[in-house]
Asker: 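Below: one structure in structure tokens.
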2 protein chains.
Amino acid sequence: MSTVETERPLRIGEVAELIGTTTRTIRYYEEIGLLPGAMDREQGKHRCYTQADVERVREIVRLRDLLGLSLDQLSRLLEAETARAELRREWKLAESGAERRRILDEASAHIATQLELVRGRCHELEQLESELVAKQELVSQRLAELDR
Amino acid sequence: MSTVETERPLRIGEVAELIGTTTRTIRYYEEIGLLPGAMDREQGKHRCYTQADVERVREIVRLRDLLGLSLDQLSRLLEAETARAELRREWKLAESGAERRRILDEASAHIATQLELVRGRCHELEQLESELVAKQELVSQRLAELDR
DNA sequence: CGCTATCCTTACGTTTACGTAAGGTAGAGC
DNA sequence: GCTCTACCTTACGTAAACGTAAGGATAGCG
């Protein structure tokens, strides 16, 4: 689906442009283990990325901006996801139902962790929002009183 | 209301303890203008804080943790609020209704700015949440399929 | 095969948001 | 008045998250 370009490998500059970040940032994330080391790239050769890789980076940047985590914490949060990406390939090879169940259970747990974090943040923000609304109403009320 | 202690002035260490931060942080925030310079303190004398000051710091820390802003951006966001705190004192002296209206209008605009920011963040997080829920459901579905 | 743009690695530089240490002072209690 | 603790200022240190510059290799194109 999507484009006609059936998965043309992207270079790091294109990825950076697409996401709205810099090549340095992407290399840095690879350096600290946030991004898998483009697997089996030989020393000196160009990194190349798939569309899935781009999504991965996009997701990282998003989480970085939305949650207040350090890249280190983020790294730990996504560790499971990194493993999950690898499990995706195991998935098709997994013959036993038990294996498949385990993989799904892990994925589920991982998503649950993220959800908990996101919901916590969300509630805090909603709390803040309602407080601001209350303030706003108070001011409006004062303004109304001036008009009487 | 609240405590019997009718507004005992607090020292910086107590404030830090109350809020769960450090004295260094508080001094730093004062240094960069996030906190008003405890007004008219003479060189070398101890800083002392009112309950209102504590709330101010608490609010700053909260915004710092919740929104993804630099202290510099935060400073600009709260500039209006800093002015507003001063206007509170002007408030009781403001005789003309026009003056009062202006003050209230400014307060309202400032709160609106904050609200916009908070709501934006909130929506982004809700978006992320719903995406995670969708993922979660997909996994659950797969698990259910295994049971058939 | 050569050209050029983009990429590679290495490594030092920079900003933000504090931590920490040194040497001296204020102020509450006795 | 003295003491002891928490505070003061000054200033250097630091971890995180990249920025930036140098010197050289790669890969797509003609």
Side-chain angles (χ1 to χ4, degrees), chain A residues 5 7-50 53-54 56-78, chain B residues 5 7-50 53-54 56-78:
Chain A
E5 307 232 36
E7 196 72 7
R8 178 174 67 87
L10 300 166
R11 286 173 304 172
I12 194 170
E14 298 174 296
V15 175
E17 177 102 1
L18 277 174
I19 295 180
T21 184
T22 70
T23 60
R24 174 59 170 133
T25 294
I26 296 178
R27 289 199 199 96
Y28 180 63
Y29 287 178
E30 182 185 320
E31 192 181 327
I32 64 175
L34 248 178
L35 293 173
M39 11 252 161
D40 47 0
R41 205 178 89 263
E42 293 166 46
Q43 164 82 355
K45 299 196 98 184
H46 292 187
R47 288 166 182 80
C48 67
Y49 300 88
T50 73
D53 292 328
V54 175
R56 161 89 176 176
V57 180
R58 207 192 294 278
E59 189 69 11
I60 288 177
V61 168
R62 191 185 185 192
L63 289 178
R64 177 197 68 183
D65 290 342
L66 277 181
L67 313 177
L69 309 175
S70 70
L71 293 184
D72 196 68
Q73 293 173 295
L74 196 54
S75 181
R76 258 168 279 170
L77 179 66
L78 294 184
Chain B
E5 306 232 38
E7 195 72 7
R8 181 172 67 87
L10 299 166
R11 287 173 303 172
I12 194 171
E14 298 174 296
V15 176
E17 177 100 2
L18 277 174
I19 296 181
T21 183
T22 69
T23 61
R24 174 59 171 130
T25 295
I26 296 179
R27 289 199 199 95
Y28 180 62
Y29 287 178
E30 182 184 320
E31 192 180 327
I32 64 174
L34 247 179
L35 292 172
M39 9 255 160
D40 47 358
R41 205 178 89 264
E42 294 166 46
Q43 163 82 353
K45 299 196 97 182
H46 291 187
R47 289 165 181 81
C48 66
Y49 299 88
T50 72
D53 292 329
V54 176
R56 160 91 176 175
V57 181
R58 207 193 296 279
E59 189 69 10
I60 288 177
V61 168
R62 192 184 184 193
L63 290 178
R64 177 197 68 183
D65 291 342
L66 276 182
L67 312 177
L69 310 175
S70 70
L71 293 184
D72 196 68
Q73 293 172 296
L74 196 54
S75 183
R76 259 167 280 170
L77 179 66
L78 293 184

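Just so you know, these numbers come straight off a predicted model, no measurement behind them. Lettering follows sequence order; numbering is per chain, from 1.
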Asker: Pick one: which of A/Ile26, A/Thr21, A/Thr50 meets side-chain contact (heavy atoms from CB on, under 4.5 Å) with A/Val15?
Answerer: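 So the option named by the test is A/Ile26.
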Asker: Could you give me the CA-CA distance, side-chain angles and deciding distance for A/Leu69 and A/Leu63, then say whether side chain to side chain contact (heavy atoms under 4.5 Å, CB included) is met?
Answerer: CA-CA 8 Å; A/Leu69 309 175; A/Leu63 289 178; over 6 Å; no
Asker: Are A/Tyr29 and A/Arg64 linked by a side-chain donor-acceptor pair shorter than 3.5 Å?
Answerer: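 Side-chain D/A pair, A/Tyr29 to A/Arg64: present.
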Asker: Counting C-beta onward and ignoring hydrogens, is there a side-chain heavy-atom pair between A/Val57 and A/Leu35 closer than 4.5 Å?
Answerer: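 Side chain of A/Val57 against side chain of A/Leu35, heavy atoms only: contact under 4.5 Å found.
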Asker: Is the shortest heavy-atom distance from the side chain of A/Thr25 to the side chain of A/Val61 under 4.5 Å?
Answerer: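 A/Thr25 does not reach A/Val61 side chain to side chain.
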Asker: Quickly work out the A/Arg76 CZ to D/dA16 P distance and round it to whole Å.
Answerer: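 In whole Å, D/dA16 P and A/Arg76 CZ are 11 Å from each other.
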Asker: Under the side-chain hydrogen bond (donor to acceptor under 3.5 Å, both in side chains) test, which residues partner B/Glu17, sequence neighbours left out?
Answerer: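 By the side-chain hydrogen bond (donor to acceptor under 3.5 Å, both in side chains) rule, B/Glu17 matches no residue at all.
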Asker: What distance separates A/Arg11 CZ from A/Thr23 OG1, expressed to the nearest 0.5 Å?
Answerer: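 It comes to 12.5 Å.
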Asker: To the nearest Å, give me how far apart CD (A/Glu14) and P (C/dT6) are.
Answerer: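 Answer to the nearest Å: 10 Å.
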Asker: Under 4.0 Å between a side-chain N/O of B/Arg47 and OP1 or OP2 of D/dC8, yes or no?
Answerer: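 Checking D/dC8 against B/Arg47, a side-chain N or O does come within under 4.0 Å of OP1 or OP2.
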Asker: How long is the line joining CD1 of A/Ile60 and P of D/dC18, in whole Å?
Answerer: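 Whole-Å distance recorded here is 11 Å.
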Asker: Between A/Arg41 and C/dT9, is there a side-chain N or O to OP1/OP2 distance below 4.0 Å?
Answerer: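 Yes, A/Arg41 has a side-chain N/O under 4.0 Å of OP1/OP2 on C/dT9.
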Asker: Between the opening five pairs and the closing five pairs of the helix from C/dC1-D/dG30 to C/dC30-D/dG1, how far apart are the helix axes, to 10°?
Answerer: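 The angle separating the two end axes equals 20°.
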Asker: Calculate the interatomic distance between A/Ile12 atom CD1 and D/dT26 atom C1'; express it in whole Å.
Answerer: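 One finds 14 Å between C1' of D/dT26 and CD1 of A/Ile12, rounded.
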Asker: Rounded to whole Å, how long is the line connecting atom CZ of A/Arg27 with atom P of D/dA17?
Answerer: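 From A/Arg27 CZ to D/dA17 P: 19 Å.
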Asker: Quickly work out the B/Glu42 CD to D/dC7 C1' distance and round it to whole Å.
Answerer: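 Going from B/Glu42 (CD) to D/dC7 (C1'), I get 16 Å.
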Asker: In the 5'-to-3' direction, what one-character label does each nucleotide of nucleotides 16-30 of chain C receive under the scheme B = base within less than 4.0 Å of a protein heavy atom, S = sugar-phosphate only, - = no such atom?
Answerer: -BBBB-----SS---
Asker: Using whole Å, report how far CD1 of A/Ile26 lies from P of D/dA17.
Answerer: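 A/Ile26 atom CD1 is separated from D/dA17 atom P by 17 Å.
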Asker: If you define the side chain from C-beta out and look only at heavy atoms, does anything of B/Leu10 sit under 4.5 Å from B/Leu18?
Answerer: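 Yes, side chains in contact.
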Asker: Between B/His46 and B/Arg41, what is the shortest heavy-atom contact and its length?
Answerer: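 Minimum heavy-atom separation between B/His46 and B/Arg41: O-CD, 3.3 Å.
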